[in-house]
Amino acid sequence: MSLPRPAVGAEGPYDAGYLPRLEMTFHAAGDRITEPVPKLGGEPVWRGEPCWPVHPGTGEPLDFIGQFPVPAEPGEGQRMAYLFLSYDDYETGGMEAEDGEAVLLIQPGGRIPQFATIGPAGTTGRSLWRFGPCEEKVPVEFRIDLSPVAAEVEHEFEKYGTIDARDYLGGRPRYPDRAGVEAPWHFFFCLAGTDLDEQYFLNFAHGYGYAYLSPDRLEGRFRWEAA
């Protein structure tokens, strides 16, 4: 599947910065994924030097949520975006885009955001997880498949602002109340929040998380908002 290409004329986070929209579906990995492919959980497959973000206040490593392919122009090398979020007592970090509790890193050749705190060499942390039967945190890993959103689904979205896809990359976002970033940041992907009994846990208060890229696709932002 070809990735969305950068769109012409996108000016801000509410525009379709990358086309077409691709729905993300998740499939439990039978074996550990060690290639730079789209995935949730497991260990990051770095395209450059490892640089694990930590919480700017506590110094605790953020949780690795997943890695996502960055759209590119023809002939450009493939970059990957790595999403890290904090977690504390059922609270997933990322309500603000630049408080250091949500970090989206781009490799290779990307810029580390000024607000991000990177741990010392060798820092590692927890990966995406689900709750076990005794509320223990069980690591999980999923392969991400990307498939085009049907034309009628896209048409309904453009007409009514609703879309039958919880998780997607490219296209326009599902009208968040506020992006948390300003132009010229471009919408990148959307992840839906989950409940305690689902295949992984991301507490977005029943809302959605939104990722954004700079116009040169070398720096990222992420924040979520409640439904």
Side-chain angles (χ1 to χ4, degrees), residues 1-25 36 38 47 65-85 94-99 102-116 144-193 204 207-225:
M1 168 55 59
S2 297
L3 286 177
R5 298 299 184 192
V8 176
E11 296 181 353
Y14 295 95
D15 296 330
Y18 309 100
L19 296 170
R21 185 193 311 271
L22 300 179
E23 184 172 9
M24 296 191 286
T25 55
R47 300 297 307 273
I65 305 304
Q67 60 191 39
F68 306 85
V70 174
E73 300 282 4
E76 286 185 338
Q78 179 62 64
R79 293 189 177 96
M80 195 70 67
Y82 303 84
L83 177 61
F84 296 84
L85 300 176
M95 290 194 71
E96 301 297 333
E98 298 186 357
D99 63 3
V103 177
L104 186 67
L105 298 175
I106 311 300
Q107 287 191 354
R111 294 185 297 270
I112 295 176
Q114 291 185 349
F115 59 81
I144 299 177
D145 285 345
L146 300 170
S147 58
V149 169
E152 58 268 25
V153 173
E154 194 68 39
H155 175 74
E156 181 174 330
F157 174 77
E158 292 298 332
K159 187 173 182 179
Y160 301 109
T162 59
I163 186 167
D164 187 22
R166 286 166 46 90
D167 310 279
Y168 51 90
L169 189 154
R172 290 199 295 115
R174 180 206 302 257
Y175 301 113
D177 291 333
R178 59 188 186 93
V181 299
E182 298 179 356
W185 293 92
H186 294 165
F187 170 69
F188 179 19
F189 67 79
C190 172
L191 281 179
F204 294 162
Y208 294 83
Y210 297 91
Y212 303 88
L213 292 175
S214 58
D216 61 7
R217 303 180 298 284
L218 295 180
E219 191 171 336
R221 295 288 188 273
F222 183 90
R223 70 173 300 273
W224 62 263
E225 58 184 36

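Remark: Phe115 CZ to Asp99 CG distance equals 8.0 Å, nearest 0.5 Å. Atom CG of Leu22 is separated from atom CG of Leu169 by 6.0 Å, given to the nearest 0.5 angstrom. Distance CD/Glu98 to CD/Gln114: 9.0 Å, rounded to 0.5 Å. Distance check: Leu3 CG to Tyr18 OH gives 11.5 Å after rounding to the nearest 0.5 Å. Atom CZ of residue Phe222 and atom SG of residue Cys190 lie 8.0 Å apart, to the nearest 0.5 angstrom. We find the CH2-CG distance between Trp185 and Leu213 to be 7.5 Å, quoted to the nearest 0.5 Å.
Shown here for Pro4 and Pro71, the closest heavy-atom pair between the two residues is O-CB, 3.0 Å. Here the shortest heavy-atom pairing between Leu104 and Tyr212 reads CD2-O, 3.9 Å. For Ala72 against Gly77, the heavy-atom pair with the smallest separation is CB-O, 4.3 Å. The shortest heavy-atom contact between Gly170 and Phe187 is O-CE2, 3.5 Å. Scanning all heavy atoms of the two residues, the minimum distance from Gly17 to Ala10 falls at CA-CB, 3.7 Å. Summarising the geometry of Ala81 relative to Ile106, their closest heavy-atom pair is CB-CD1, 3.6 Å, with the distance given to 0.1 Å.
Applying side chain to side chain donor-acceptor pair (under 3.5 Å) to Arg217 and the options Glu76, Glu73, His186 leaves one that passes, Glu76. When each of Arg47, Met80, Arg79, Gln107 is checked for a side chain to side chain contact (heavy atoms under 4.5 Å, CB included) with Val70, only Arg79 meets the rule.
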> Given the rule in the side chain to side chain contact (heavy atoms under 4.5 Å, CB included) test, do Glu23 and Val153 qualify, once you have shown the distances and angles that lead to the verdict?
Replying inline: CA-CA 11 Å; Glu23 184 172 9; Val153 173; over 6 Å; no

> Does the pair Phe189 and Ile144 meet the rule for a side chain to side chain contact (heavy atoms under 4.5 Å, CB included), with working shown?
Replying inline: CA-CA 13 Å; Phe189 67 79; Ile144 299 177; over 6 Å; no

>> Could you walk me through whether Leu19 and Arg5 satisfy the side chain to side chain contact (heavy atoms under 4.5 Å, CB included) test, starting with their C-alpha distance in whole Å, then the side-chain angles of each, then the deciding distance to 0.1 Å, before giving a yes or no?
In response: CA-CA 6 Å; Leu19 296 170; Arg5 298 299 184 192; over 6 Å; no

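The neighbour count for Gln78 CD, taken as heavy atoms of other residues, nucleotides or ligands under 6.0 Å away, is above 12.
Under the 4.5 Å side-chain criterion, counting only non-hydrogen atoms from C-beta, Pro20 is not in contact with Glu154. Looking at Pro69 and Leu146, their side chains come closer than 4.5 Å, going by heavy atoms from C-beta outward. Side-chain contact between Asp145 and Pro38 is absent, with no heavy-atom pair separated by less than 4.5 Å.
The backbone N or O of Ala165 lies less than 3.5 Å from a partner atom in the side chain of Arg174, making a donor-acceptor pair. In this structure, the side chain of Asp167 engages the main chain of Ala192 through a donor-acceptor pair within 3.5 Å.
Ring-centre distance between Phe204 and Trp224: below the 6.0 Å cut-off.
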